[in-house]
Enquirer: 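Supplied in structure tokens, the structure appears directly below.
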Amino acid sequence: MKKPAQGRRLADATIAIHAGQNKFHLSAPVGTTIARTANFTFANTEELKLWAEGKRPAYIYTRYGNPTLSVAEAKIAALEGAEAAIVTASGMAAISSALLAVLKTGDEVIATQALYGGTYRLMRDVFPRMGIVVRHVETDLAGIERLVNPRTKVLYIETPTNPTLRLVDLHQAIAFAKEWDLISLIDNTFASPVLQKPLGLGFNLVLHSATKYLAGHSDVIAGAAAGSHALIEKIRDMIIYLGGSMDPEAAFLLIRGMKTLELRVRRQCETALTIARFLEKHPKVARVHYPGLGSHPDHALAKRQMKGFGAMMAFDLKGGLTAARRFCDRARVFLLAVSLGGVESLVVLPMYSSHYRMSVEELRAAGVEPGTVRVSIGLEDPGDLMADLRQALA
Ligand SMILES: *Cc1c(COP(=O)(O)O)cnc(C)c1O
């Protein structure tokens, strides 16, 4: 991308299309070239020697880096306002490699309780084997000062959360991390950089399941981390050791998807607000969890720290699990599937997906009822989505 005219900061829509892509040569392809290769040549042994001595960077082997991956990395770094980014084979590859890059035996983590299931289980089942202690806090961070001690190394948060869309106050979280000199990590998957840019507030690392909004078309598993050069290089080392590198074809799909990120998210937010308002008035719906509604406990916070309310929501049906199952089985435009952030609108029952095998008490603590339906709003015509909800609820 050429440098913008002096003093002008490009908007997200422009950045997502042009960042990382150099198209200002004679006959340069406008589309993205896929470097479909495992390895890269050196012209002669002198170049090889210069690379080995660390005197010249080079692409050598795709697990270490690849020009197509670099395009995706430049876009994500530019969107998040980061010095650098790395793309990975999945969101979990980014999350696990980022945490292992900054933690060692004896360290402690403070993390929000409501986490993506894979992250929660990584912390619950794997970290104890490595002597890493994780302490959980609610999204309001109440009592967090009682969980911190000299061994605490990392603050890890997710906001908005799944499936009740509770928010963590980013300013409060970062103030706490700074006070205790913690490395702060945030999973920004649900908001996307279009709605919040935590690095600008002082977070050290932003993580993504790029499978969701960034790629946006439900056709690729991908992840990313963005932050300082130093931290991203540490994560790159872990990706190289543990093998969570992205494939160039996946990078192409991610790049292709990201070009419409801003447009998609803006439209998805608009449709989501319309649908949340409709659901809130429906006689069969007991409660709608959407930060864009005045009834949501974090509505004021969402207005302060997000540029839009997002396109994820959940609602509780008065008829409980039977009604929720009936609704999902009757939906015709909304697909019954896990995941989120794609062009297709989706419904799913947390009871049988993210919160499977939890007791009624555990479900209640997570804000999940047997009759809770989680919704990911896609890009279909809002009128068609509304008509589908109406008939499925009838
Ligand atoms: C899906 C998801 C992940 C995991 O990402 P994968 O790409 O499936 O590995 C992590 N965090 C959040 C919030 C997610 O929704």
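Counting convention: from 1, in listed order, for ligands and their atoms alike.
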Enquirer: Check residues 11-20 and write down every donor-acceptor pair under 3.5 Å in which the side-chain atom is one partner and the other belongs to a residue at least two apart or another chain.
Expert:
unit_1, atom_1, unit_2, atom_2, d
D12, OD1, K197, NZ, 2.9
D12, OD2, K197, NZ, 3.0

Enquirer: At less than 3.5 Å, what protein N or O atoms come close to the N or O atoms of ligand 1? Include the distances to 0.1 Å.
Expert:
unit_1, atom_1, unit_2, atom_2, d
ligand 1, 5 (O), S209, OG, 3.0
ligand 1, 7 (O), G91, N, 2.8
ligand 1, 7 (O), S209, OG, 2.8
ligand 1, 7 (O), T211, OG1, 2.7
ligand 1, 9 (O), G91, N, 3.0
ligand 1, 9 (O), M92, N, 2.9
ligand 1, 11 (N), D187, OD2, 2.6
ligand 1, 15 (O), K212, NZ, 2.8

Enquirer: Hey, can you tell me if Y356 and Y352 have their rings parallel, tilted or perpendicular (30° and 60° cut-offs)?
Expert: perpendicular
Enquirer: Can you name the side chain to side chain contact (heavy atoms under 4.5 Å, CB included) partners of R236, sequence neighbours left out?
Expert: E73, I86, E233, I240
Enquirer: Going by ring pair (Phe, Tyr, Trp, His ring centres under 6.0 Å), name the residues that satisfy it together with F190, two or more places apart in sequence or in a different chain.
Expert: none
Enquirer: Aromatic rings F327 and F315: how do their planes relate, parallel, tilted or perpendicular, breaks at 30° and 60°?
Expert: perpendicular
Enquirer: Kindly assign one of parallel, tilted or perpendicular to the pair Y59 and F40, based on the angle between their ring planes and the thresholds 30° and 60°.
Expert: tilted
